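Report on one structure; see the data block that follows.
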Amino acid sequence: MGFFDKIKNGLKKTKENMVKQMEHVFHSFTKIDEELFEELEEILIMSDVGVNTSMRICEQLRKTVKERGIKDPAQVRELLKEIMIDMLSGGEELNISTQPSMILVIGVNGVGKTTTIGKLAAHLKSQGKKVILGAADTFRAAAIDQLEIWAERSGVQMVRHDEGSDPAAVVFDTIAAAKSRNMDVAICDTAGRLHNKKNLMNELNKISRVIEREAEGCDKEVLLVVDATTGQNGVNQAREFKEAAGITGIILTKLDGTAKGGVVIAIKEDLGLPIKYIGVGEQLDDLQPFNPTDFVNALFEE
């Protein structure tokens with residue numbers, strides 16, 4: 001199955017929830033009026049696109065319909081796709097051109113962070129990059145062991161310390177190993193304890209200082225893993241982490257398990273954070289770089 005088909009299958013629930021209702025609006029209205037825009041706005045809000053973003057989309061629709069003199073409600077569908085693609089575009093490429101480049105992966109427990117790192121490592125390796133993982137979530141032995149399993153499965157190297165070790169020390173050793181072994185990318189896991197935010201943010205700051213010092217001049221991505229099934233809660237999580245941890249992009253997991261795929265637009269438009277990767281299944285290759293055009297076309301394809 002090609003990845004476009006995987007996205008299409010992965011977005012089935014969102015399609016059922018959001019797009020089918022929109023199609024009904026496009027087909028049941030004979031003219032473009034305020035009621036049509038209000039119905040579309042309500043559908044967007046109910047699909048976790050968020051109130052502000054939904055209002056902005058409909059405002060843009062109104063404006064463009066007027067500018068282009070569009071009269072047929074069916075044409076609003078293509079216009080909506082155009083606006084969504086435009087909103088989602090920009091910044092989705094990973095910035096990893098130096099050797100080594102650093103990727104710090106953050107996320108609350110339960111979002112599929114460790115699994116995502118394994119899949120990301122496999123994807124980058126398939127592109128010919130030499131990848132090393134750092135198990136800096138040292139608070140849970142299970143996290144270290146799980147990452148090791150994924151490193152073996154993905155065929156990449158890994159640096160680990162014992163449970164309870166200093167996470168910044170693991171990052172330090174990972175950077176040293178990446179340099180000495182001529183690695184292209186070092187991906188470091190981090191702990192996901194949001195309930196004790198002050199400690200977590202202090203720890204992330206310490207890790208960031210180590211990266212700034214030991215990997216000076218290297219490209220650095222700080223990626224937040226968000227579980228799409230949490231909808232607007234995921235947006236709130238992203239907002240908190242953005243303020244505290246300098247997030248550069250989002251990896252959105254479990255899109256195949258939710259009808260709340262509209263959250264993709266909310267994260268990009270409300271928070272200004274690009275979506276870098278999306279996860280649409282359990283398989284190793286089900287995490288793929290985010291492509292706004294493919295995403296929107298898969299949503300709306302008949």
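Being a predicted model, the structure only gives us computed values, none of them experimental.
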Legend entry - Carboxylate-amine/guanidinium contact K113 D189, below 4.0 Å: yes
Inset, instruction - Look at the side chain of T253 and the backbone N and O of V111, then say whether any donor-acceptor pair between them is shorter than 3.5 Å. - result: yes
Inset, instruction - Quick one: do R77 and E23 satisfy side chain to side chain contact (heavy atoms under 4.5 Å, CB included)? Show the steps, please. - result: CA-CA 8 Å; R77 179 184 190 273; E23 300 288 9; 2.9 Å; yes
Legend entry - With sequence neighbours excluded, residues passing side-chain hydrogen bond (donor to acceptor under 3.5 Å, both in side chains) with S154: none
Inset, instruction - Using the rule that two of Ile, Leu, Val, Met, Phe, Trp, Tyr join whenever any of their side-chain heavy atoms come within less than 4.5 Å, decide whether I57 and M46 are in one cluster. - result: no
Inset, instruction - Spell out, yes or no, whether M102 and I132 are grouped together once hydrophobic residues are joined by side-chain heavy atoms under 4.5 Å, including indirect joins. - result: no
Legend entry - Ion pair E82/R68, N-O distance below 4.0 Å: yes
Inset, instruction - Looking only at non-hydrogen atoms, find the nearest pair between P73 and K71 and report the distance. - result: CD-O, 3.5 Å
Inset, instruction - Treating Ile, Leu, Val, Met, Phe, Trp and Tyr as nodes and any side-chain heavy-atom pair under 4.5 angstrom as an edge, say whether V226 and L120 lie in one connected cluster. - result: yes
Legend entry - Audit row: E59, R62, salt bridge (charged side-chain N to carboxylate O under 4.0 Å, His left out) steps and yes/no: CA-CA 5 Å; E59 202 47 57; R62 285 184 187 92; 3.4 Å; yes
Inset, instruction - Please check if any side-chain donor atom of T248 sits under 3.5 Å from a side-chain acceptor atom of E221, or the reverse. - result: yes
Legend entry - Joint hydrophobic cluster, V19 plus F37, side-chain heavy atoms closer than 4.5 Å: yes
Inset, instruction - Verify, without hydrogens or angle tests, whether E41 (side chain) and M55 (backbone) share a donor-acceptor contact under 3.5 angstrom. - result: no
Legend entry - V131 and I187: CA distance, side-chain angles, deciding distance, side chain to side chain contact (heavy atoms under 4.5 Å, CB included) verdict: CA-CA 7 Å; V131 181; I187 308 175; 3.9 Å; yes
Inset, instruction - Test T116 against V105 for side chain to side chain contact (heavy atoms under 4.5 Å, CB included), laying out the working first. - result: CA-CA 9 Å; T116 298; V105 183; 5.6 Å; no
Legend entry - D286 side chain to E282 backbone, donor-acceptor under 3.5 Å: yes
Legend entry - Test item: D219 side-chain N/O and S97 main-chain N/O as donor-acceptor pair under 3.5 Å: yes
Legend entry - Cationic N near anionic O, under 4.0 Å, E212 to R209: no
Legend entry - Minimum heavy-atom distance V264-L252, with the two atoms named: CG2-CD2, 3.2 Å
Legend entry - For the student: nearest non-hydrogen atoms of V171 and A136, plus distance: CG2-CB, 3.9 Å
Inset, instruction - Can you measure from NZ (K254) to CG (D227) and round to the nearest 0.5 angstrom? - result: 4.0 Å
Inset, instruction - Measure across G231 and V263 and return the closest heavy-atom pair with its distance rounded to 0.1 Å. - result: O-CG2, 3.3 Å
Legend entry - N/O donor-acceptor pair under 3.5 Å between D48 side chain and Q232 backbone: yes
Legend entry - I32-F29 co-clustered via ILVMFWY side chain contacts under 4.5 Å: yes
Inset, instruction - Answer yes or no: is there a side-chain heavy-atom contact under 4.5 Å between T138 and D166? - result: no
Inset, instruction - Search all heavy atoms of E92 against all heavy atoms of F290 and return the closest pair with its distance. - result: CG-O, 3.6 Å
Inset, instruction - Provide the closest heavy-atom pair for T114 versus W150 in the form atom of the first, atom of the second, distance. - result: O-CD1, 4.1 Å
Legend entry - Basic-acidic side-chain contact under 4.0 Å: K81, E78: yes
Inset, instruction - For K276 and E93, indicate whether the former's side chain and the latter's backbone hold a donor-acceptor pair under 3.5 Å. - result: yes
Legend entry - Backbone of E214 reached by a side-chain donor or acceptor of K179 within 3.5 Å: yes
Inset, instruction - For L273 and L224, run side chain to side chain contact (heavy atoms under 4.5 Å, CB included): C-alpha distance rounded to whole Å, both residues' side-chain angles, the deciding distance at 0.1 Å, then the answer. - result: CA-CA 10 Å; L273 289 171; L224 176 68; 5.7 Å; no
Inset, instruction - Give a yes or no on this: more than 12 heavy atoms of other residues, nucleotides or ligands lie within 6.0 Å of atom CD of E38. - result: yes
